[in-house]
Every structure is written in structure tokens, then in C-alpha cells.
A.B. asks: 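Below you will find the structure I want to go over with you.
Every chain is numbered from 1 and lettered A, B, ... according to where its sequence line falls, protein lines coming before strand lines.
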2 protein chains.
Amino acid sequence: MRSYDQYCGLARSLEVVGDRWNLLIVRELLISPARYRDLQTGLPGIATNLLADRLRHLEATGVVERRLAGESNAVEYALTAWGAELRTPIEGLLRWSLPLMVSGPKDSDTFRPTWLALAIPALLDSRATARPATAIGLDVGGELLQLSATESGFEVDPHDGRPLEATVRADPAGLLGLAAGALDVDTAQALGLVDIDGDDAIVRAAFAC
Amino acid sequence: MRSYDQYCGLARSLEVVGDRWNLLIVRELLISPARYRDLQTGLPGIATNLLADRLRHLEATGVVERRLAGESNAVEYALTAWGAELRTPIEGLLRWSLPLMVSGPKDSDTFRPTWLALAIPALLDSRATARPATAIGLDVGGELLQLSATESGFEVDPHDGRPLEATVRADPAGLLGLAAGALDVDTAQALGLVDIDGDDAIVRAAFAC
DNA sequence: CCGCATCCTCATGGATACTG
DNA sequence: CAGTATCCATGAGGATGCGG
């Protein structure tokens, strides 16, 4: 990134994360630390030279940490504490993007259920008042995720095998609509966007907050 | 901007505002609607073909509105309601950028006092508890701005001529440090970063919230 | 003047192949 | 697996032109 040469926080932020792919790499690492190969598959379409380039830049600027993890001293990338603070502006953009998402995926779009691990909490937290202590399974695209309420907000993680109070088989766009409050459970069911297994009062409570 | 082809709100946001200069154009328009020429001077370094290109794109995507204003039917650009909602993620990036700003401006950096109209409220509001009803003058780079507390948060605008309770002549980096709480008034004065004219208790109260 | 459009050059991005 | 190297396509930057 060529410098903007402006003494402005936004310009300086963009010199660090404004280049193409940078924020999407941060997105992947906010979901979880990852290997080089994981990043390639989580970022369909990125050229390998660009990924290497961006990772070097993000490491040099203090956003990303490169470390050797595990038995085999495998290369692993993770966010630094400062890099993880990008969660807030990214959640802001996720909320802002809602009008762009309601139309659903294009045919050419790839979709990874793990991306919901950022979007659902961002949408729910922005309107949360009561927080039921709930663990709900989200079966989206065949992958089972787990929505749970914590003290600090909502979390979506890979299902860890613990018993779930209900399971929602859902279409990605429908799930976002529910999380944003743009859609209620009855309508979503009527439209065939979600299919609830178990007590749907639990699901209603979680998405009605 | 070439599409990322991902059904992810962040990716779709970036397809709208992720290209170089886009968010800086939004910054200028968050400060105030502007003419083409105003944007050129507020965005030093932008090529005129790029500015025209970006404005077309932002208009086509519904972020910016182009309208004819004033006597002479002069072309004016302003944010749409949706575009103005970018204030939240931009404020997030402004807060995130603080570690990049404490070192002060480079020699090659340009600086425009109006940029503080976004940064100061973003930094103050993130830690605001009590809000004194204060109108403080900010004399930075020779331009007089006015910091005032409203119900919804802090505002920085061009000085409108009304009486000020105090005036702070300040260095940009010092002012950001004060707003972020990284610097207190005594230290800033001792370092010669700020020079207070009038009752400095007012200034202390405003920046200590 | 203002609000762009055109032209040209050079830096960056993208796709693919290849390597320690 | 974790990247480099290479080559081509695209986009950025700067200068200039031009109608209103």
C-alpha cells in the first residue's frame, strides 16, 4: 500500500489493513488461528503470492503473529492483541452490510459456515437485551455450529459435542435475517428458510432478544 | 473492485467501500457534504480520474448522492442515510489507529484540522461517562474548531462565533492523546503540546470524562 | 474557474508453475 | 506444506485537455 501521507487515523489504519484481502485475512484469524493452507482454503480466490505478501505485511505492522506450533513446528498465524481489536470495526462493517446480504448468495458465491461465527454475534449483540442461557445447534450447509450466550455476548463456534437444546437447519440468508431481527421465526419457517428440531421456544427466545 | 465472490458481509462491504480512497471520500462527506473541488483539496494526492471514478461507484452502490445545490445548480456530493451509517465502523478504525497516531505526523504528512471532527468524538465517546455542557475552542493549525457536548455525544464543528468557555491551542497529536485519555491536561501542558486560554478547569472536565 | 475525460506510464494484482 | 518465481492483465498516478 502506497502511503496516503495524511495525519489521519483512518488513513493510517488503511495503510495497514486497507489493501485488498487484508481484512479478509483478519476475518479468518478472528475465527481462529490458522495455517497457511487453512487461509488459502478459507479465502477462495486469493493468489498464493498475495497471501504470502499480505501475511508478511501484517506481521511487519504488528497485526499478525507468525509462530511455530504443535509437534511438527508447523507454521501458524494468529492475531496479536492489537490485531484482534479489529473485531469492533469489522463487526461494524458486518452490520452495515446487511442490506447487501438479504438478497442471498449469488451463484458464483462461495459460502463457509464458519463466517457466521463473526456475523451472527455482531448482529445479535447489537440488539441484545435479555440473554437466555442457550446452546443451539446451527446446521447450515451441512456443517454443525453452536450458538451460545456468554456474559460478554453471543458466540458461534464449531459444535463441541455437548448436548444442544435445539437445532436449526437453516439457509445462510435466513439465519442472518433472524439474527438481524429482520425476520421472525414463524416467517422464516413459513418461507422454508429454517427447520427447527426440538423445542422451538428456545430458538425463539434466542433470536428474539 | 473485482468481486470476492464470497457470501460474507465483510467481503460484500469491501466490494462497495474497500477500494483505495473510498473510505477517505466517505470521511470527507461525513464531515460535511462537499463539491468536487472540495474533495480534491480534502484528499491530497488523489488523481482526478480516480475521484470521478470512485464517486460514480459510490453513487451507483447507494453510498453517495449527487445533487445540484445552491443558486448556480452547483454539483454537490453527500452521503445517503445508509452511507452515513459508515460512521460506526470508521470510528472503530479511528480508535484502532491510536497506536499509529501517537508518534505524530511525518514530515511528508498533510494535516487538516477538520479531520479531528471525526477523531475527537470517536475517542471521547468511547470513554464518556459524565458530559459537561461545554463549548471549547480548539485552535489547531491556525484553524478554530469548536468542541461541544450534546445529548448523543461529542461534536467538533467549525467555530460558529458563539462565545467559548475556554480555548485550547494544541498540537494535533497532543489533542488526540487528550481525547484518548492517554495524556492528561497537566502532562500535555508540561510538554508544551497544549496551551489553554481561559479557565482550564473547563478543559480538564471535558477531557477527563 | 469547475467538473470531469483522455492519455500515458508504471506499480500492483492475478493466475499458474515451480521449489526447498 | 509453505511458500517463490514468472508472466500477463488491470489499476493507480500524473499531466493535460476541454466543454460549460
A.B. asks: Rounded to whole angstrom units, what separation is found between the CG atom of B/Asp5 and the C1' atom of C/dG13?
C.D. replies: 16 Å
A.B. asks: Can you measure B/Leu50 atom CG to C/dC10 atom C1' for me and round it to whole angstrom units?
C.D. replies: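 It works out to 14 Å between those atoms.
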A.B. asks: Provide, to the nearest angstrom, the distance between the CG atom belonging to B/Asp53 and the P atom belonging to C/dT6.
C.D. replies: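 Going from B/Asp53 (CG) to C/dT6 (P), I get 12 Å.
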A.B. asks: Measure from CZ on A/Arg56 to C1' on C/dG13 and round the result to the nearest Å.
C.D. replies: 15 Å
A.B. asks: Just checking A/Asn49: base, sugar-phosphate only, or nothing, at a heavy-atom cut-off of under 4.0 Å?
C.D. replies: base
A.B. asks: In residues 6-37 of chain B, what residues come within less than 4.0 Å of DNA chain C, judged by heavy atoms?
C.D. replies: B/Arg35, B/Tyr36, B/Arg37
A.B. asks: Taking only residues two or more places apart in sequence, or in another chain, which ones meet B/Arg56 in a side chain to side chain donor-acceptor pair (under 3.5 Å)?
C.D. replies: none
A.B. asks: What is the distance from atom OG of B/Ser97 to atom CD1 of B/Ile90, rounded to the nearest 0.5 Å?
C.D. replies: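 Those atoms lie 12.0 Å apart.
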A.B. asks: Can you list every pair that meets side-chain hydrogen bond (donor to acceptor under 3.5 Å, both in side chains) and has a residue in residues 29-47 of chain B, with sequence neighbours left out?
C.D. replies: B/Tyr36-B/Thr48
A.B. asks: 5'-most contact on DNA chain D: A/Ser3 or A/Arg66, nearest heavy atom basis?
C.D. replies: A/Arg66
A.B. asks: Give me each pair satisfying salt bridge (charged side-chain N to carboxylate O under 4.0 Å, His left out) with a member in residues 136-155 of chain A, each pair once, sequence neighbours excluded.
C.D. replies: A/Asp139-A/Arg169
A.B. asks: Decide yes or no for A/Leu94 and A/Trp115: does some side-chain heavy atom of the first lie under 4.5 Å from some side-chain heavy atom of the second?
C.D. replies: no
A.B. asks: Would you mind reading off the bend of the helix from C/dC1-D/dG20 to C/dG20-D/dC1 from its two end axes, five pairs each, to 10 degrees?
C.D. replies: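 About 30° separates the two local helix axes.
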A.B. asks: Tell me, which pairs form a ring pair (Phe, Tyr, Trp, His ring centres under 6.0 Å) where one or both residues lie in residues 55-75 of chain B, sequence neighbours left out?
C.D. replies: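 Listed by first then second residue: nothing to list.
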A.B. asks: Can you sort out the partners of A/Asp109 under salt bridge (Lys or Arg N to Asp or Glu O under 4.0 Å), two or more places apart, ordered by chain and number?
C.D. replies: A/Lys106, B/Arg12
A.B. asks: Can you tell me how far P of C/dT12 sits from CZ of A/Arg54, to the nearest Å?
C.D. replies: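 Checked: the CZ to P distance equals 10 Å.
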A.B. asks: What pairs meet the side-chain hydrogen bond (donor to acceptor under 3.5 Å, both in side chains) rule with one or both residues in residues 82-95 of chain A, with sequence neighbours excluded?
C.D. replies: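 Output for this query is empty, none listed.
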A.B. asks: Just to verify, what does B/Gln189 make a side chain to side chain donor-acceptor pair (under 3.5 Å) with, not counting sequence neighbours?
C.D. replies: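 Testing B/Gln189 for side chain to side chain donor-acceptor pair (under 3.5 Å), a comparison that skips the adjacent residues, returns none.
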A.B. asks: Could you tell me the boundaries of the chain B footprint on DNA chain D, defined by atoms under 4.0 Å from its heavy atoms?
C.D. replies: D/dA12 to D/dT16
A.B. asks: Here's one to test your reading of the geometry: is the NZ or CZ of A/Arg20 within 45 degrees of the ring axis of B/Tyr4 and under 6.0 Å from its centre?
C.D. replies: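 Flagged: A/Arg20 positioned over aromatic ring of B/Tyr4.
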A.B. asks: Rounded off to whole Å, could you give me the CG-to-P distance for the B/Leu55 and C/dA5 pair?
C.D. replies: 10 Å
A.B. asks: Salt bridge between A/Arg67 and A/Glu76, side-chain N to carboxylate O under 4.0 Å?
C.D. replies: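 A salt bridge is present here (some side-chain N lies under 4.0 Å from a carboxylate O).
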A.B. asks: Under the side chain to side chain donor-acceptor pair (under 3.5 Å) test, which residues partner B/Gln6, sequence neighbours left out?
C.D. replies: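 Partners of B/Gln6 under the side chain to side chain donor-acceptor pair (under 3.5 Å) test: A/Arg27.
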A.B. asks: Minimum heavy-atom separation for B/Leu178 to B/Asp184, with atom names?
C.D. replies: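 Closest approach of B/Leu178 to B/Asp184: CD2-C, 3.7 Å.
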A.B. asks: Which residue, A/Ala47 or A/Met1, contacts DNA chain C at a nucleotide closer to its 5' end, judged by nearest heavy atom?
C.D. replies: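 The residue mapped nearer the 5' terminus is A/Met1.
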A.B. asks: Write down the protein N/O and nucleotide N/O pairs, taken from nucleotides 18-20 of chain C, whose separation is under 3.5 Å; answer none if there are no such pairs.
C.D. replies:
none

A.B. asks: What heavy-atom pair brings A/Ile120 and A/Val156 nearest, and what distance separates the two atoms?
C.D. replies: CB-CG2, 3.9 Å
